[in-house]
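Below: the structure, in structure tokens.
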Amino acid sequence: MYPLRRNRRLRSSETLRSLVRESIVTPNDFLVPLFVVEGHGIKDEIPSMPNYFRYSLDLLEQEVKILNSLGLKSVLLFVKVPDNLKDNKGTEALNANGLMQRAIKTVKNACPEMLVMTDVALDPYSIYGHDGIVQNGEILNDETVKVLAEISLSHARAGASFVAPSDMMDGRVLSIREALDKDGFMNTGIMSYSAKYASAYYGPFRDALDSAPVDLADVPKTKNTYQMDPANRLEALRETEMDVDEGADIVMVKPGLCYLDIVRDIKNLVEVPVAVYQVSGEYAMLKAAAEKGWLDHDAVMMEQIIAIKRAGADVIASYFAKDVIRILNG
Ligand code: PBG
């Protein structure tokens with residue numbers, strides 16, 4: 001008689017397994033991060049991110065058309081800012097004709113239906129490599145928030161559909177929401193990096209944008225006074241609830257794999273879509289292991305992506321997006 005329930009019955013064929021599968025990945029799940037540089041004809045591989053590139057605007061246009069043809073319809077833009085345009089206050093970020101603003105227009109012109117999200121933070125523009133204004137060894141909160149609201153407005157004016165503040169200053173979502181509404185951008189969304197941890201997995205990204213905190217006296221060497229302590233769970237819930245109250249349309253957990261417990265907690269807590277950012281270091285680790293022949297790249301990648309989905313991600317920002325589509329298309 002025993003066992004009445006044989007769990008292996010439901011696993012006995014691929015047809016049955018696919019019938020009862022709980023999580024499914026589609027191209028609609030993805031947000032594709034893109035790195036943009038000044039220049040022409042540039043498609044520059046990032047050394048610590050094999051097969052991932054920085055594009056000049058002309059080649060960015062080609063890339064988004066390719067993404068669109070693969071069914072990848074949402075992008076998250078980051079810019080690499082020339083050193084001579086960096087200062088402490090991110091002045092260049094407000095330039096209506098700056099690289100980000102031109103990148104937004106380039107994508108919109110190439111693919112009008114593409115959803116364009118933009119990173120909002122000072123670090124790519126900061127001589128100190130911090131997400132906020134630095135003064136006497138501290139990262140100023142309220143002064144930075146004012147600039148973030150202005151940057152968001154500038155991106156909205158250039159045509160961004162969503163702004164994505166990644167800085168972890170307190171109160172920035174509300175300030176950005178108010179600034180956008182005041183200027184008539186009621187329909188511009190906010191995807192807030194709500195639970196962003198102070199993670200060593202951001203290393204390759206900082207290589208890509210040359211945006212790491214600089215080694216100078218009176219400049220903090222880490223982002224630990226604003227990004228979250230990896231040891232904390234309840235703090236992530238507080239941060240996220242506050243962002244929702246301040247008007248975030250989508251919240252985010254970052255990085256991905258090490259923080260899937262947080263993703264599930266937040267999915268159970270809030271009623272807005274939850275995004276997960278599988279970050280640069282996660283990408284680099286798998287590429288490196290696969291290069292050595294130690295892991296099966298595609299199989300591990302798909303396992304990671306489905307794990308992120310299963311944990312509760314409604315949106316997945318991932319450098320693997322194109323690779324995943326290649327697998328999905330067989
Ligand atoms: C900057 C920003 C970072 C990432 C996204 N926006 C780096 C940081 O906070 O230092 C990391 C993304 C990645 O590692 O892929 N505000």
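Each ligand, and each atom within it, is numbered from 1 in the order the structure gives. FYI, the numbering just counts along the sequence from 1. Just so it is clear, the model here is predicted, and its values are computed rather than measured.
- Close approach to Ser166 involves these atoms of ligand 1, each under 4.0 Å from a residue heavy atom: 1 (C), 2 (C), 6 (N), 16 (N).
- Remark: distances from the non-hydrogen atoms of Asp167 to ligand 1 are all 4.0 Å or more.
- Salt bridge present: Lys65 and Glu61 bring a charged side-chain N and a carboxylate O closer than 4.0 Å.
- Between Arg206, Met49, Lys196, it is Arg206 that holds the heavy atom closest to atom 10 (O) of ligand 1.
- Under 4.0 Å is where a charged nitrogen must lie from a carboxylate oxygen, and between Lys80 and Asp44 no such pair does.
- Taking each of Thr222, Asp123, Asp207 in turn, the one with a heavy atom nearest to atom 1 (C) of ligand 1 proves to be Asp123.
- When each atom of ligand 1 is checked for a heavy atom of Lys223 under 4.0 Å away, the hits are 8 (C), 9 (O), 10 (O).
- For ligand 1, the atoms lying closer than 4.0 Å to a non-hydrogen atom of Tyr319 are 12 (C), 13 (C), 15 (O).
- In summary, Lys223 and Asp131 engage in a salt bridge, as defined by a charged side-chain N under 4.0 Å from a carboxylate O.
- If you look at Asp119 next to ligand 1, the close heavy atoms, those under 4.0 Å, all belong to the side chain.
- Remark: Lys89 NZ to Ile133 CD1 distance equals 6.0 Å, nearest 0.5 Å.
- Side-chain contact check for Tyr201 and Tyr277: no donor-acceptor pair (N or O, by modelled atom type) lies under 3.5 Å.
- For the residue pair Ser154/Gln101, the side-chain donor-acceptor check at 3.5 Å is satisfied.
- Inspection of the Asn88 and Gln135 side chains reveals no N or O donor paired with an N or O acceptor under 3.5 Å.
- Ligand-side atoms of ligand 1 in range of Asp131: 1 (C), 16 (N), range being under 4.0 angstrom from any heavy atom.
- With atom 5 (C) of ligand 1 as the reference point, the heavy atom nearest to it among Glu282, His130, Lys254 is part of Lys254.
- Ligand 1 lies less than 4.0 angstrom from a heavy atom belonging to Gln227.
- The proximity of Val279 to ligand 1, defined as any non-hydrogen pair under 4.0 Å, involves the side chain as well as the backbone.
- Contacts of Tyr283 with ligand 1, taken as heavy-atom pairs under 4.0 Å, are absent altogether.
- Counting heavy atoms closer than 4.0 Å to ligand 1, residue Ala121 contributes side-chain atoms (C-beta onward) but none from N, CA, C or O.
- Atoms of ligand 1 lying under 4.0 Å from any heavy atom of Phe78, numbered from 1 in the order shown and given with element: 5 (C), 6 (N).
- Judged by a 6.0 Å distance limit and a 45° cone about the ring axis, Lys43 is positioned over the six-membered ring of Phe53.
- For atom 3 (C) of ligand 1, the closest non-hydrogen atom on the protein side is Phe205 CE2, 3.3 Å.
- Distance from atom 14 (O) of ligand 1 to its nearest protein heavy atom, with residue and atom name: Ser280 OG, 2.7 Å.
- A side-chain N or O of Arg264 and one of Asn268 form a donor-acceptor pair less than 3.5 Å apart.
- A continuous path of Ile, Leu, Val, Met, Phe, Trp and Tyr side chains, each step under 4.5 Å between heavy atoms, connects Val274 with Leu234, placing both in one hydrophobic cluster.
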